[in-house]
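Notes follow the structure.
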Amino acid sequence: MKEKTKKTILLIAICLVTLMVLFIALKLNENRKQDLLSTSGMKGYLTEIRYEEIATHVVEQPNTIIYVSNSSDDSLYTFEKEFKTVIKKYNLENEIIYININDSVIVDPIYQNAPELVFYKDGQISDMIDCTTLKSSDEIINVLKERSVISD
């Protein structure tokens, strides 16, 4: 075999290996993104319940707050980052629960929108807040103060 042929074969082999590594890396990244979108950013901060468990939870704790999340929505990242800060600062881990409506078919119109805070008082919905209107932790704090969830 000529030297030129050997170099050409080596170059083709290097290109094929590079393409295979690139393809594998892209697939791994795609799988990682899918895994991230299947779980909410609130996991580990708030207790998660399923939609079917809401009625039972409200009976047990008639004054509760439910955060409705959709982990497949990338735009929630900014709000949830600010929300986590408020949760930690005011120790609200036991005051607020959340449901993740990602890939769920929910007929109830109250729990179809995310992000949303649903406030229950005496077992009845007293208020609902569209969290897309809350742009900073100060706004989140003000909303929670207005509803007597936190106090200074």
Side-chain angles (χ1 to χ4, degrees), residues 13-152:
I14 290 172
C15 288
L16 287 174
V17 169
T18 303
L19 287 174
M20 287 185 348
V21 167
L22 180 62
F23 179 75
I24 291 170
L26 288 172
K27 279 296 190 184
L28 288 173
N29 187 45
E30 183 179 320
N31 290 343
R32 182 188 62 83
K33 283 183 180 180
Q34 287 297 87
D35 288 342
L36 288 174
L37 292 178
S38 67
T39 58
S40 174
M42 300 311 292
K43 195 172 203 96
Y45 291 92
L46 298 176
T47 302
E48 181 178 9
I49 64 171
R50 294 187 326 263
Y51 172 74
E52 298 80 24
E53 299 170 330
I54 291 174
T56 306
H57 180 77
V58 171
V59 167
E60 292 173 1
Q61 295 185 3
N63 298 325
T64 192
I65 304 164
I66 298 176
Y67 170 63
V68 182
S69 176
N70 185 347
S71 62
S72 64
D73 187 355
D74 289 334
S75 66
L76 295 182
Y77 177 77
T78 304
F79 169 75
E80 288 186 351
K81 182 179 175 188
E82 296 294 327
F83 193 40
K84 286 178 197 175
T85 304
V86 173
I87 290 169
K88 286 182 200 175
K89 182 176 180 180
Y90 291 96
N91 297 319
L92 299 174
E93 295 88 353
N94 297 324
E95 305 295 321
I96 304 171
I97 60 170
Y98 84 97
I99 63 170
N100 186 1
I101 62 171
N102 182 27
D103 296 331
S104 299
V105 178
I106 299 175
V107 179
D108 189 346
I110 294 170
Y111 297 100
Q112 289 181 354
N113 301 315
E116 180 176 66
L117 286 169
V118 181
F119 295 85
Y120 281 86
K121 185 168 185 149
D122 299 324
Q124 301 294 320
I125 295 175
S126 64
D127 200 2
M128 294 179 359
I129 302 293
D130 179 7
C131 296
T132 58
T133 62
L134 306 174
K135 303 295 182 195
S136 69
S137 59
D138 290 335
E139 291 177 1
I140 297 168
I141 291 169
N142 287 336
V143 163
L144 295 175
K145 282 183 179 179
E146 289 171 1
R147 286 147 187 89
S148 302
V149 177
I150 56 177
S151 60
D152 272 342

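Source: prediction; values computed, not measured. Counting begins at 1 with the first residue of the sequence.
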Next item on the list: Among residues two or more places apart or on two chains, list those pairs meeting salt bridge (charged side-chain N to carboxylate O under 4.0 Å, His left out) that have a residue in residues 49-58.
Entry: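 Found R50-E52, R50-E53.
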If you look at every heavy atom in [X] and [Y], which pair is closest and at what distance?
{"X": "S69", "Y": "E80", "answer": "OG-OE2, 2.9 Å"}
{"X": "H57", "Y": "I97", "answer": "CD2-CD1, 3.2 Å"}
{"X": "T132", "Y": "P115", "answer": "CG2-CD, 3.7 Å"}

How long is the span from the [atom1] atom in [X] to the [atom2] atom in [Y], to the nearest 0.5 Å?
{"X": "L76", "Y": "K81", "atom1": "CG", "atom2": "NZ", "value": "14.5 Å"}
{"X": "F79", "Y": "K84", "atom1": "CZ", "atom2": "NZ", "value": "11.5 Å"}
{"X": "Y98", "Y": "T47", "atom1": "OH", "atom2": "OG1", "value": "9.0 Å"}
{"X": "D138", "Y": "K145", "atom1": "CG", "atom2": "NZ", "value": "8.5 Å"}
{"X": "T78", "Y": "E82", "atom1": "OG1", "atom2": "CD", "value": "8.0 Å"}
{"X": "K121", "Y": "T64", "atom1": "NZ", "atom2": "OG1", "value": "13.5 Å"}

Any side-chain heavy-atom pair from [X] and [Y] closer than 4.5 angstrom?
{"X": "N91", "Y": "E93", "value": "yes"}
{"X": "L144", "Y": "L92", "value": "yes"}
{"X": "I24", "Y": "L28", "value": "yes"}
{"X": "I65", "Y": "R147", "value": "no"}
{"X": "I99", "Y": "I49", "value": "yes"}
{"X": "L134", "Y": "F83", "value": "no"}
{"X": "F119", "Y": "I129", "value": "yes"}
{"X": "I87", "Y": "Y67", "value": "no"}

>> Once you measure the plane-to-plane angle for Y51 and Y111, does it fall in the parallel (<30°), tilted (30-60°) or perpendicular (>60°) bin?
In response: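 The arrangement is perpendicular - the two ring planes meet at more than 60°.
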Original post:
Mind checking what makes salt bridge (Lys or Arg N to Asp or Glu O under 4.0 Å) contact with D130, not counting sequence neighbours?
Top reply: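 Not a single residue meets the salt bridge (Lys or Arg N to Asp or Glu O under 4.0 Å) criterion with D130.
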Could you work out, with salt bridge (Lys or Arg N to Asp or Glu O under 4.0 Å) as the rule, every residue matching E60, not counting sequence neighbours?
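If we apply the salt bridge (Lys or Arg N to Asp or Glu O under 4.0 Å) test to E60, skipping adjacent residues, there are no hits.
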So, applying side chain to side chain contact (heavy atoms under 4.5 Å, CB included) with V118, which one of I125, I54, V58 is it?
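Between V118 and the candidates, side chain to side chain contact (heavy atoms under 4.5 Å, CB included) is satisfied uniquely by I125.
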Discussion item. Run the side-chain contact (heavy atoms from CB on, under 4.5 Å) test on I141 and Y90 for me, step by step, so that the C-alpha distance in whole Å, both residues' side-chain angles and the decisive distance to 0.1 Å come before the verdict.
Written reply: CA-CA 9 Å; I141 291 169; Y90 291 96; 3.7 Å; yes
